[in-house]
Amino acid sequence: MPGLDLAQFKALLVRPVLGQLGLGGSAALNLLSGTALVESGLVWLQQNGGGPALGLWQMEPATHDDIWRNFLRFRPDLASTVRQVGGAGAGVGSAALLVSNLAYACAMARMAYVRAPAQLPAATDSAGLSAYHKQFYNTLLGAADAQRNMALFARAIAA
């Protein structure tokens, strides 16, 4: 199925957003690029099959709202930066932006990982990145398969 070019996606969207957030680096870049590849195949803006997840990172509105309510409200500087990345306009903070604003969706996916209690794996560790995604983004109850997704994280690393 056709989708976005992974190398362009990584270079032209993910890297600049992470730079704006001040939360970049190769590990974060590969984690966020791989997450989008795993979650949506860089194709789906709404969960395939009718679920609630939205955007290329397939974040559920409840997760989005929880990040604002229980994390960003206690980190006003970071919340302000996320708003700037999102365009600081009306609607920033709305889960609907996960579909229409790719930079905002990327920033919110990064916020989901910032809340994780463990350090990021090495930038070139596809198994570690896939396991990290499964544990801290998809969750243990989610449908992702860390073993199967290692190949997708390897693609993200290589892009």
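Everything numeric in this text was worked out from a predicted model, so none of it was measured. Worth knowing before you read on, the calculation uses all heavy atoms, side chains too, and leaves out hydrogens, waters and symmetry mates.
The distance from atom CG of L78 to atom CG of L21, rounded to the nearest 0.5 Å, is 7.0 Å. Atoms CG and CG, on L152 and L129 in that order, are 12.0 Å from each other to the nearest 0.5 Å. Put simply, CG on L37 and CZ on R155 are 5.0 Å apart, with the number rounded to the nearest 0.5 Å. Taking OH of Y104 as the start and CE of M59 as the end, the distance is 8.5 Å to the nearest 0.5 Å. Note that CE of M108 and CH2 of W68 are 6.5 Å apart. Values are rounded to the nearest 0.5 Å. Atom-to-atom distance recorded for L72:CG and R115:CZ is 8.5 Å, nearest 0.5 angstrom.
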Full working for ring pair (Phe, Tyr, Trp, His ring centres under 6.0 Å) between Y113 and F136: CA-CA 7 Å; Y113 283 122; F136 297 114; 7.9 Å; no
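Using modelled atom types, one side-chain atom of S40 and one backbone atom of A36 make a donor-acceptor pair closer than 3.5 Å. A donor-acceptor pair is defined here as one N or O able to donate and one able to accept, closer than 3.5 Å; such a pair exists between the side chain of R110 and the backbone of L23.
Counting heavy atoms from C-beta outward, Q58 and N138 have side chains that stay 4.5 Å or more apart. Residues Y137 and V38 fail the side-chain proximity criterion, which asks for heavy atoms closer than 4.5 Å. Side-chain contact between Q46 and L54 is present, with at least one heavy-atom pair separated by less than 4.5 Å.
Shortest non-hydrogen contact noted between L56 and L4 is CD1-CD1, 3.7 Å. Nearest heavy-atom pair across L45 and V99 is O-CG2, 3.4 Å. K10 and S33 make their closest contact through CG-OG, 3.3 Å (heavy atoms, listed as atom of the first residue, atom of the second, distance). In terms of heavy-atom proximity, K134 sits nearest to A146 at CB-CB, 4.0 Å. Taking both residues in full, the closest heavy atoms of N48 and W44 are given as ND2-CZ2, 3.5 Å, listed atom of the first, atom of the second, then distance. A144 and N149 get closest at one heavy-atom pair: CB-ND2, 3.7 Å.
Using cut-offs of 30° and 60° on the angle between ring planes, the pair H133 and F153 is tilted.
For the side chain to side chain contact (heavy atoms under 4.5 Å, CB included) with V14, the qualifying choice from L29, T35, L6, L102 is L29, the only one to do so. Of the residues N30, D125, L31, the one that meets the side chain to side chain contact (heavy atoms under 4.5 Å, CB included) test with L120 is L31.
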